[in-house]
Amino acid sequence: MIAVMPLTLLLSSSLIVLLGVAPSVADAASAEVRSENANDIGSFFAIDIEDGALSTSELITKYGYPVESHEATGADGYVISLTRIPARTQRHPRPLLLVHGLLASSADYVLIGPNNSLAYLLADRDYDVWLADMRGNRYSRRHTRLDSDSHDYWDFTWHEMGYYDLPAVIEYILGQTGASQVDYIGHSQGTTVFFVMASSRPEYNEKIGRMYALSPAVCLKRVRSPPVQWLLQNIDALHELFNALGVHQFLPHLSSQYGLARLLCPMTDPENLCIQVVSQTVGPNPKMADMMAMQILVGHDPAGASIKQLFHYAQLQRTGQFRQYDYGRRNNTLRYSHWNAPAYNLSAVTAPVTIFYAQNDWLIDPRDAVDFSKLLPTPPTMHLVEDANFNHLDFTIAINARPMVYEHILASLEERERSNDSGRKRAR
């Protein structure tokens with residue numbers, strides 16, 4: 001086991017990120033503009049160090065928002081946890097579904113506190129907000145038949161999330177709210193699973209008002225992160241190692257991880273291990289690191305994933321093809337009745353899409369985001385983040401995530417409602 005520790009550390013440093021969460025944040029001048037509620041440690045945000053030890057629901061309750069817990073069960077028996085911030089009124093026609101990235105959780109959308117986190121900004125405008133936790137993470141480890149410690153439980157990738165989990169979640173939300181559509185916001189893997197669903201179960205396109213894709217993880221040819229490049233170059237050896245060790249889950253959430261992170265990554269050191277790992281993985285942005293937000297983040301993430309999810313992404317990067325999991329010629333023939341894994345039919349994606357992408361994203365290169373946009377049958381709305389230093393994780397935890405990304409989403413939601421209202425009035 002000791003011999004595996006250096007490998008585990010490397011994987012953890014590179015994949016805590018692979019399509020997941022976000023560090024970043026302000027220059028020196030920004031620190032003086034923080035709110036009156038900012039704490040003495042110097043965070044830009046109105047957050048506390050204890051937030052790293054709280055669950056998603058506990059965070060929402062702490063900051064004064066109503067919260068509900070729900071569950072949706074997919075056709076293959078996985079139970080998906082949903083956290084809802086219910087709207088006070090029904091003035092908006094569509095609920096919003098927010099889906100996290102790889103090794104992350106629903107907490108990503110509330111970590112930087114009121115007036116900054118996307119979930120709270122939406123709730124402040126009286127939207128009905130639903131946060132999903134995809135199968136295998138710390139909040140969604142239940143199944144109708146399988147034990148979460150069994151090999152069979154972990155025999156899934158992001159294909160099953162898109163094919164089974166998302167449809168079940170959407171049906172549940174529509175059933176609870178009486179709405180006919182949801183608006184969808186996904187970050188990284190949260191976009192991957194959406195495009196799996198929209199291409200392989202095209203009937204669900206009609207149940208999406210608009211999809212907002214933050215750093216879409218479908219084309220991955222130009223990964224710039226050195227640790228992730230090493231991982232991809234050695235993926236076959238890692239596959240054999242994990243199989244030999246009988247390891248099926250990756251970086252499950254541990255109760256001790258927050259204490260360890262606080263020990264290894266002190267907030268007093270702006271070049272601590274966590275900051276260096278993040279910079280090398282998602283893109284350097286030294287002037288944009290809120291030390292408390294970063295420390296709280298590692299109390300929540302990694303939140304767990306299956307080994308198979310990681311290998312599916314490696315397959316996607318290596319082949320450049322958006323396909324189902326490749327089991328090899330012989331097993332593919334048994335599973336798919338063809339020697340090759342089936343390609344996802346992106347031409348079936350008819351839901352309207354808005355893509356946000358960043359120049360300094362070392363995981364989803366901006367050129368890959370543009371290449372992906374050309375694969376969709378209807379050209380999506382494209383937003384290149386104005387901050388040239390914005391990286392992959394900044395989409396969920398940056399101090400400027402609100403002006404750079406969230407305000408554009410809020411404006412789009414409001415504009416669409418005004419357009420619909422005008423159209424109904426003209427129809428009368």
Side-chain angles (χ1 to χ4, degrees), residues 1 4 7-8 11-12 15-16 18-21 52-59 68-84 98-108 130-172 188-190 192-193 196-197 238-239 241-260 298-313 324-325 327 335:
M1 189 65 179
V4 181
L7 171 63
T8 302
L11 289 173
S12 137
L15 287 171
I16 187 173
L18 191 50
L19 305 99
V21 193
L54 301 180
S55 68
T56 301
S57 293
E58 289 170 339
L59 283 171
E68 297 175 2
S69 295
H70 297 260
E71 292 181 339
T73 302
D76 61 348
Y78 286 80
V79 180
I80 308 305
S81 294
L82 299 169
T83 302
R84 181 189 192 186
L98 280 59
V99 182
H100 60 80
L102 177 65
L103 290 168
S105 76
S106 53
D108 287 15
W130 294 75
L131 309 172
D133 280 290
M134 305 311 287
R135 65 172 70 188
N137 88 349
R138 62 181 294 195
Y139 299 115
S140 293
R141 294 171 59 94
R142 292 180 52 231
H143 193 279
T144 55
R145 303 180 311 277
L146 301 174
D147 188 300
S148 63
D149 289 330
S150 68
H151 167 267
D152 288 344
Y153 176 89
W154 293 98
D155 187 21
F156 64 80
T157 178
W158 34 261
H159 169 78
E160 286 80 7
M161 295 178 183
Y163 195 85
Y164 296 112
D165 296 351
L166 279 189
V169 166
I170 290 170
E171 293 292 356
Y172 182 88
S188 204
Q189 183 185 257
T192 313
V193 297
V196 168
M197 178 191 72
L238 295 175
H239 202 168
L241 175 62
F242 284 126
N243 284 339
L245 295 174
V247 176
H248 307 296
Q249 58 175 312
F250 189 70
L251 293 179
H253 184 268
L254 303 174
S255 59
S256 60
Q257 72 186 48
Y258 192 36
L260 181 62
V298 293
H300 293 271
D301 303 330
S306 77
I307 292 292
K308 200 172 177 182
Q309 284 171 255
L310 313 183
F311 292 131
H312 201 171
Y313 273 121
Q324 293 188 40
Y325 194 82
Y327 293 92
R335 286 175 174 266

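Residue numbers run from 1 in the order of the sequence given.
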Taking the side chain as every heavy atom from C-beta outward, state whether [X] and [Y] have any pair of such atoms under 4.5 Å apart.
X	Y	result
Y325	R335	no
Y78	D165	yes
L54	L59	yes
I170	M197	yes
L102	L310	yes

Atom [atom1] of [X] and atom [atom2] of [Y]: how far apart are they, to the nearest 0.5 Å?
X	Y	atom1	atom2	answer
S57	E68	OG	CD	10.5 Å
Y153	R135	OH	CZ	7.5 Å
R141	D149	CZ	CG	6.5 Å
M134	S105	CE	OG	13.0 Å
H248	D155	NE2	CG	9.0 Å

note = With V99 as partner, the option from L166, L131, T192 fulfilling side chain to side chain contact (heavy atoms under 4.5 Å, CB included) is L166

task = Check whether the ring centres of F156 and Y164 lie less than 6.0 Å apart, and answer yes or no.
result = no

Within the side chain of [X], is there an N or O that forms a donor-acceptor pair under 3.5 Å with the backbone of [Y]?
X	Y	result
D133	S106	yes
Q257	P302	yes
S306	T157	no
H253	G299	yes

Pair T83-Y139, side-chain donor/acceptor within less than 3.5 Å = no

